[in-house]
Amino acid sequence: MVDLEGTLSDHRDRLATLLENEEKYQKRDRTAWKEYYKGLINDPPRSHIMELVKEYIAEDIRPLIYSTRFINKYKHEEEWLRLHGLWDHVELLQRQPHQTQIKGPELVLQWVREHDPIFIVDDREEVRDLVRGLNSACVAYAPEAFLNLEET
C-alpha cells in the first residue's frame with residue numbers, strides 16, 4: 001500500500017506555501033485549502049517511490065494506492081494516476097462519503113486490516129506508528145527509505 005499525496009506525488013512545495021500562509025495569518029484559510037486540494041494534479045511524482053510502484057507492476061503485482069483526502073469535486077486522484085501511467089495497473093482506495101468522521105490515519109489503519117499488505121509507505125509518521133502497532137507482518141516505511149544512494 002502506497003499513499004498518493006505526499007508519498008507517491010510530491011506535494012512538499014504547495015504544502016509549505018499553505019502552512020506558511022496559515023502561520024502568517026494565524027488562521028485556517030478555507031480558500032487556500034481549496035487551492036491546495038486542486039493542486040494534486042500538478043504534483044510531480046517522487047521518482048524513487050514511482051520506481052518502487054513500477055517494479056511491483058512489472059512483477060504482475062497490483063499495488064494499492066490510497067488517499068484519505070475528503071471526496072471533493074476535483075477527483076484528481078484518478079486523473080493523476082492516469083497522467084502518470086498507473087491507473088490501469090493499481091487499485092485506488094479512497095475515503096468514501098460515509099467515512100467523513102474517520103480521521104485519515106485511522107482510515108489507513110482500517111484499510112491495512114482489510115487488505116493485509118506486506119508493507120505500507122506513507123509520509124506521515126502518525127500513520128506509520130499506527131501500522132507498526134498492529135500484530136501483523138506489515139512493515140511501515142517513510143518514502144525516504146527508498147531513496148537511492150546517488151539521490152541522497
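A quick note: this is a predicted structure, and the numbers were derived from the prediction, not measured.
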Sidechain N-carboxylate O distance under 4.0 Å for Glu126, Lys103: no
What residues form a ring pair (Phe, Tyr, Trp, His ring centres under 6.0 Å) with His84, not counting sequence neighbours? Trp80
Going from CZ on Arg14 to CG on Leu19, what distance comes out if it is rounded to the nearest 0.5 angstrom? 11.0 Å
Calculate, to the nearest 0.5 Å, the distance between atoms CG and CG belonging to Leu8 and Leu81 respectively. 7.0 Å
Using the rule side chain to side chain contact (heavy atoms under 4.5 Å, CB included), only one of Leu93, Ile120, Asp3, Ile102 pairs with Val108; which is it? Ile120
Criterion side-chain hydrogen bond (donor to acceptor under 3.5 Å, both in side chains) on Glu114 and Gln110, from CA distance to verdict: CA-CA 6 Å; Glu114 290 171 5; Gln110 179 180 322; 3.2 Å; yes
For His11 and Tyr36, test the side chains for any donor-to-acceptor distance below 3.5 angstrom and give the result as yes or no. yes
Please report the C-alpha distance between Glu78 and Trp87 in whole Å, then the side-chain angles of each, then the deciding distance to 0.1 Å, and finally whether the side-chain contact (heavy atoms from CB on, under 4.5 Å) criterion is met. CA-CA 7 Å; Glu78 178 180 341; Trp87 180 251; 3.5 Å; yes
Hey, could you give me the CG/OG distance between Leu83 and Ser9, rounded to the nearest 0.5 Å? 11.5 Å
Shortest non-hydrogen contact from Ile57 to Pro63? CG1-CD, 3.8 Å
Shortest non-hydrogen contact from Trp111 toward Ser67: CH2-O, 3.5 Å
Distance from Thr7 atom OG1 to Met1 atom CE, nearest 0.5 Å? 11.0 Å
Taking all atoms of both residues into account, what is the closest heavy-atom pair of Val131 and Cys138, and its distance? CG1-SG, 3.7 Å
Glu59 side chain to Tyr56 backbone, donor-acceptor under 3.5 Å: no
For the pair Glu51 and Arg46, find out whether any cationic side-chain nitrogen is under 4.0 Å from an anionic carboxylate oxygen. no
I need the Glu55 CD to Ile61 CD1 distance, nearest 0.5 Å. 10.5 Å
Measure the NE2-CD distance between His115 and Glu91 for me, rounded to the nearest 0.5 Å. 6.0 Å
Can you check side-chain contact (heavy atoms from CB on, under 4.5 Å) on Ile49 and Val2, steps first, answer last? CA-CA 9 Å; Ile49 302 299; Val2 178; 3.8 Å; yes
Residue pair Tyr141, Asp122: steps toward the side-chain hydrogen bond (donor to acceptor under 3.5 Å, both in side chains) verdict: CA-CA 7 Å; Tyr141 295 102; Asp122 198 299; over 6 Å; no
Test your reading of the model: is there a side-chain donor-acceptor pair from Arg62 to the backbone of Val90, 3.5 Å cut-off? yes
Go through the steps to decide whether Leu86 and Ile65 satisfy the test side-chain contact (heavy atoms from CB on, under 4.5 Å), and finish with yes or no. CA-CA 10 Å; Leu86 298 177; Ile65 306 298; 5.6 Å; no
Correct closest heavy-atom pair for Glu77 and Leu92 would be CB-CD2, 3.9 Å
If you compare all heavy atoms of Tyr37 against all heavy atoms of His76, which two are closest, and at what distance to 0.1 Å? O-ND1, 4.1 Å
Tell me if a side-chain donor or acceptor on Arg132 pairs with a main-chain N or O of Ala140 at a distance below 3.5 Å. yes
Taking all non-hydrogen atoms of both residues, which atom of Arg95 and which atom of Arg69 are closest, and how far apart? CB-O, 3.4 Å
Within a radius of less than 6.0 Å around CG of Asp129, do more than 12 heavy atoms belonging to other residues, nucleotides or ligands occur? yes
Which is it for Leu4 and Leu40 under the side-chain contact (heavy atoms from CB on, under 4.5 Å) test, yes or no, and what are the steps along the way? CA-CA 9 Å; Leu4 176 56; Leu40 170 64; 4.0 Å; yes
